[in-house]
Asks: 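Here you go, one structure.
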Amino acid sequence: MDTRSMSSRLRELVKFLGTVQGDLSNVTGPPSLLAPSSVVEVGHCWAQRPAVFAAPALEPDAEKRTLLVLRWFLIALRSQLYVGGAPKASIKKPLNAFLGELFFAAWTDAEHKATTKLVAEQVSHHPPITAMHISDAEHGVRADGYARVEMTFNGAVNIRQVGHAMLHLDRYDEHHLVPLPDVKVRGFLSGCMYPEITGTHSMLSSSGYVTEMKFWGEGMIRGKRNSFEAKIYRKDDPNQTSIYEVAGCWSEGWTVKDPSTGEVLEVYEVDAPGNEPAPMDIASVEEQDPWESRRAWGGVLGGIENGDMRTVLAEKTRVEQAQRQMRAREAAEGDTWQPLLFRSRDGEEHDVFHELAEGTSWRLWDEKTKGVWRIDDSRATTVQRPFRGEMTPLG
């Protein structure tokens, strides 16, 4: 599609979004603006560099572990937010996941002898809530996260992710509470949409360290797109004296400094050789269960790949109508949908969050996310295809 055609379609989309009241999260975008992937795949960004994910577990010093967790967080941002694009290309909207949609993948870094595995499931459709679990069993690292996405429009699309992620390092029995930042999608009128993280966000560690991150972008205080500054300090330090400082552009690269000496500890460039993600290991579409994302959306993805928007619309409508019929049948029969691999929990899960967030403005908002979602380990290790017998997303 040429730039003029894209700009025209984006302007039409802006007019349409301006007529929608309230949450846009389940609004269907034009087929031409869809990414060739579903929301349930978004967690790949946290898992696709196994050595980066494992690195905190191999570091004996707590403050350096905190820096490595920040590094993992920052490295994931571009592939998480520039969906279907790159900093100089317009981003696209991932497919809205249907209830019960699943995604499984793994990545191996042979040089560093690290493997990560990702499991994700759409545990709610109204409101849309996605849960994910990433693990590296060899190094004893796991990350559990879930998010309800809320979207509004006021000239830009405002995306609020209600939820959080929790990274755990077995070797140190250490938790890191990780935020899911608010995002604005800008550039509708220019024909090149791009994301900006907004505001101040913090990561909190059970070892006593705080990572404070401030984000801004084009047209704001300092003007460069995707800019940020971060500092790490001890939570019990009233002066919040910086131990490490990180600054740069999360979609391009950044510099890590020791503020006490001014020494540059690392210069990271996102596109530098050697920083590429590991290859994704995923079952072929033929081997996948009907509830797995790439098989379920196969017709849509094929249409996107071939530029056949008529097929995209027809196949997408087929899945969505079948899901609406399934929900209507459940309501009529008094059935309640049960997620396959994740459970909504309380008790200890809430306690860890509240302990880490004490003294901060963080809220759990579990009433908005139907609880705190964590993987059911016993279920995840025993479930086999076909996951739901003869029932498929089409009925």
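Given the structure is predicted, the values throughout are model-derived calculations rather than measurements.
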Asks: Does the ring centre of H125 sit less than 6.0 Å away from the ring centre of F98?
Replies: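 No, they do not, as the ring centres are separated by 6.0 Å or more.
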Asks: Side-chain polar contacts of residues 297-306 - donor-acceptor pairs under 3.5 angstrom, sequence neighbours left out - could you list them?
Replies:
unit_1, atom_1, unit_2, atom_2, d
W297, NE1, E101, OE1, 3.0
W297, NE1, E101, OE2, 3.1
N306, ND2, G302, O, 3.1

Asks: Quick one: does any side-chain atom of W291 pair with a main-chain N or O of M391 as donor and acceptor, under 3.5 Å?
Replies: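 A pair under 3.5 Å: yes.
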Asks: Could you tabulate the donor-acceptor pairs under 3.5 Å formed by side-chain atoms of residues 127-135, not counting sequence neighbours?
Replies:
unit_1, atom_1, unit_2, atom_2, d
T130, OG1, Q122, OE1, 2.6
H133, ND1, D144, OD1, 2.8

Asks: Does this structure show an ion pair linking D236 with R234, if we count only N-O contacts that are shorter than 4.0 Å?
Replies: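 Yes, this pair counts.
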Asks: Same cluster or not: M213 versus I232, using hydrophobic residues (I, L, V, M, F, W, Y) connected whenever any side-chain heavy atoms lie under 4.5 Å apart?
Replies: yes
Asks: Under 4.5 Å between any side-chain heavy atoms of L77 and I197, yes or no?
Replies: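 Contact flag for L77/I197 side chains = yes.
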Asks: Mind checking the CG-CD1 spacing from L118 to I282? Nearest 0.5 Å is all I need.
Replies: 9.0 Å
Asks: Between E276 and G274 (side chain of the first, backbone of the second, donor and acceptor by atom type, cut-off under 3.5 Å), is there such a pair?
Replies: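 Checked: pair present.
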Asks: Distance-only check: which donor-acceptor pairs under 3.5 Å involve side-chain atoms of residues 377-386, not counting sequence neighbours?
Replies:
unit_1, atom_1, unit_2, atom_2, d
S378, OG, D376, OD1, 2.8
R379, NE, L340, O, 3.3
T381, OG1, D377, O, 3.1
T381, OG1, S378, O, 3.1
T382, OG1, S378, O, 2.9
T382, OG1, R379, O, 3.4
R385, NE, E292, OE2, 2.6
R385, NH2, E292, OE1, 3.3
R385, NH2, E292, OE2, 3.0

Asks: Does the Lys NZ or Arg CZ of R186 fall within the cation-pi geometry relative to Y194 - under 6.0 Å from the ring centre and within 45° of the axis?
Replies: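 Output no; distance or angle outside limits.
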Asks: Taking R148 for its side chain and K368 for its backbone only, find out whether a donor-acceptor pair lies under 3.5 Å.
Replies: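 Yes, because the side chain of R148 sits within donor-acceptor range (under 3.5 Å) of the backbone of K368.
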Asks: Kindly write out the residues that satisfy side-chain hydrogen bond (donor to acceptor under 3.5 Å, both in side chains) with H112, not counting sequence neighbours, or none if the list is empty.
Replies: D109
Asks: May I ask you to decide if S284's main-chain N or O and E287's side chain share a donor-acceptor pair within less than 3.5 Å?
Replies: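 Yes, E287 side chain to S284 backbone: donor-acceptor pair under 3.5 Å.
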Asks: Nearest 0.5 Å, please: how far is CD in E212 from CG in L204?
Replies: 10.5 Å
Asks: Please round to the nearest 0.5 Å and tell me the distance separating atom OG1 of T116 and atom CZ of R142.
Replies: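 If I round to the nearest 0.5 Å, the distance is 14.5 Å.
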Asks: Set out, in order, the CA-CA distance, both residues' side-chain angles and the distance that settles side chain to side chain donor-acceptor pair (under 3.5 Å) for Q323 and R327, then state yes or no.
Replies: CA-CA 6 Å; Q323 284 291 298; R327 301 289 83 76; 2.9 Å; yes
Asks: Is there a path from V246 to L81 through hydrophobic residues (I, L, V, M, F, W, Y) whose side chains come within less than 4.5 Å of each other?
Replies: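 Same cluster: V246 reaches L81 through Ile, Leu, Val, Met, Phe, Trp or Tyr contacts under 4.5 Å.
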Asks: Checking R295 side chain against Q288 main chain: does a donor-acceptor pair fall under 3.5 Å?
Replies: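 Yes, the answer is positive, given that a donor and an acceptor are paired below the 3.5 Å cut-off.
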Asks: Kindly indicate whether the side chain of H168, heavy atoms from C-beta on, has any atom under 4.5 Å from the side chain of D173.
Replies: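 When only atoms from C-beta onward are counted, D173 and H168 do touch, with a gap below 4.5 Å.
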Asks: Do the ring centers of F103 and H44 come within less than 6.0 Å of each other?
Replies: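 For F103 and H44, the ring centres are not under 6.0 Å apart.
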Asks: Would you kindly confirm whether V42 and V40 end up in one hydrophobic cluster when ILVMFWY residues are joined by side chain heavy atoms under 4.5 Å apart?
Replies: no
Asks: Taking the side chain from S344 and the backbone from K370, do they hold a donor-acceptor pair closer than 3.5 Å?
Replies: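 Checking the backbone N and O of K370 against the side chain of S344, a donor-acceptor pair under 3.5 Å is found.
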Asks: Return the set of residues passing side-chain hydrogen bond (donor to acceptor under 3.5 Å, both in side chains) with T255 (not counting sequence neighbours), or none when no residue passes.
Replies: none
Asks: Quick check on the 6.0 Å ring-centre criterion: do W373 and F342 meet it?
Replies: no
Asks: Is the side chain of Q161 donor-acceptor paired with the backbone N or O of P181 at a distance under 3.5 Å, no angle test?
Replies: yes
Asks: Considering only heavy atoms from C-beta outward, does the side chain of S38 approach that of S293 to under 4.5 Å?
Replies: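 Sidechains of S293 and S38: in contact.
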Asks: Residues two or more places apart in sequence or in another chain: which of them pass side-chain hydrogen bond (donor to acceptor under 3.5 Å, both in side chains) with N239?
Replies: none
Asks: Quick one: which residue pairs count as a side-chain hydrogen bond (donor to acceptor under 3.5 Å, both in side chains) with a foot in residues 386-395, not counting sequence neighbours?
Replies: none
Asks: Donor-acceptor check, side chain of K214 to backbone of H201, threshold 3.5 angstrom: yes or no?
Replies: no
Asks: Do the side chains of L102 and V39 join up, straight or via other hydrophobic residues, at under 4.5 Å, putting them in one cluster?
Replies: no
Asks: Answer yes or no: is there a side-chain heavy-atom contact under 4.5 Å between F353 and E355?
Replies: no
Asks: Looking at residues at least two apart in the chain, or sitting in another chain, which of them share a side-chain hydrogen bond (donor to acceptor under 3.5 Å, both in side chains) with D281?
Replies: none
Asks: Does anything in residues 57-68 pair up under side-chain hydrogen bond (donor to acceptor under 3.5 Å, both in side chains), and if so which pairs, sequence neighbours excluded?
Replies: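 Sorted result for residues 57-68: R65-E174.
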Asks: Drop me the distance from H175's NE2 to L356's CG, to the nearest 0.5 angstrom.
Replies: 7.5 Å
Asks: Within a strict 4.5 Å, meaning less than it, do heavy atoms of the H354 and L364 side chains meet?
Replies: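 A side-chain contact exists here, since the closest heavy-atom pair is under 4.5 Å.
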Asks: Considering only distance and modelled atom types, tabulate donor-acceptor pairs under 3.5 Å from the side chains of residues 68-76, sequence neighbours left out.
Replies:
unit_1, atom_1, unit_2, atom_2, d
R71, NE, E266, OE1, 3.3
R71, NE, E266, OE2, 3.1
R71, NH2, E266, OE2, 3.0
W72, NE1, W46, O, 2.8

Asks: Please list all pairs passing the salt bridge (Lys or Arg N to Asp or Glu O under 4.0 Å) test where one or both residues lie in residues 46-55, with sequence neighbours left out.
Replies: none
Asks: Is the backbone N or O of C192 less than 3.5 Å from a side-chain atom of S90, with the two atoms forming a donor-acceptor pair by type?
Replies: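 Absent.
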Asks: Looking only at heavy atoms, which two atoms of A114 and P50 are closest? And how far apart?
Replies: O-CB, 3.5 Å
Asks: Give every residue pair that meets the side-chain hydrogen bond (donor to acceptor under 3.5 Å, both in side chains) criterion with at least one member in residues 77-86, sequence neighbours excluded.
Replies: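 Listed by first then second residue: Q48-S79, R78-D271, Y82-N226.
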Asks: Backbone N or O of Y244 within a donor-acceptor pair of the S242 side chain at under 3.5 Å?
Replies: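 Side chain of S242 to backbone of Y244: no pair is present.
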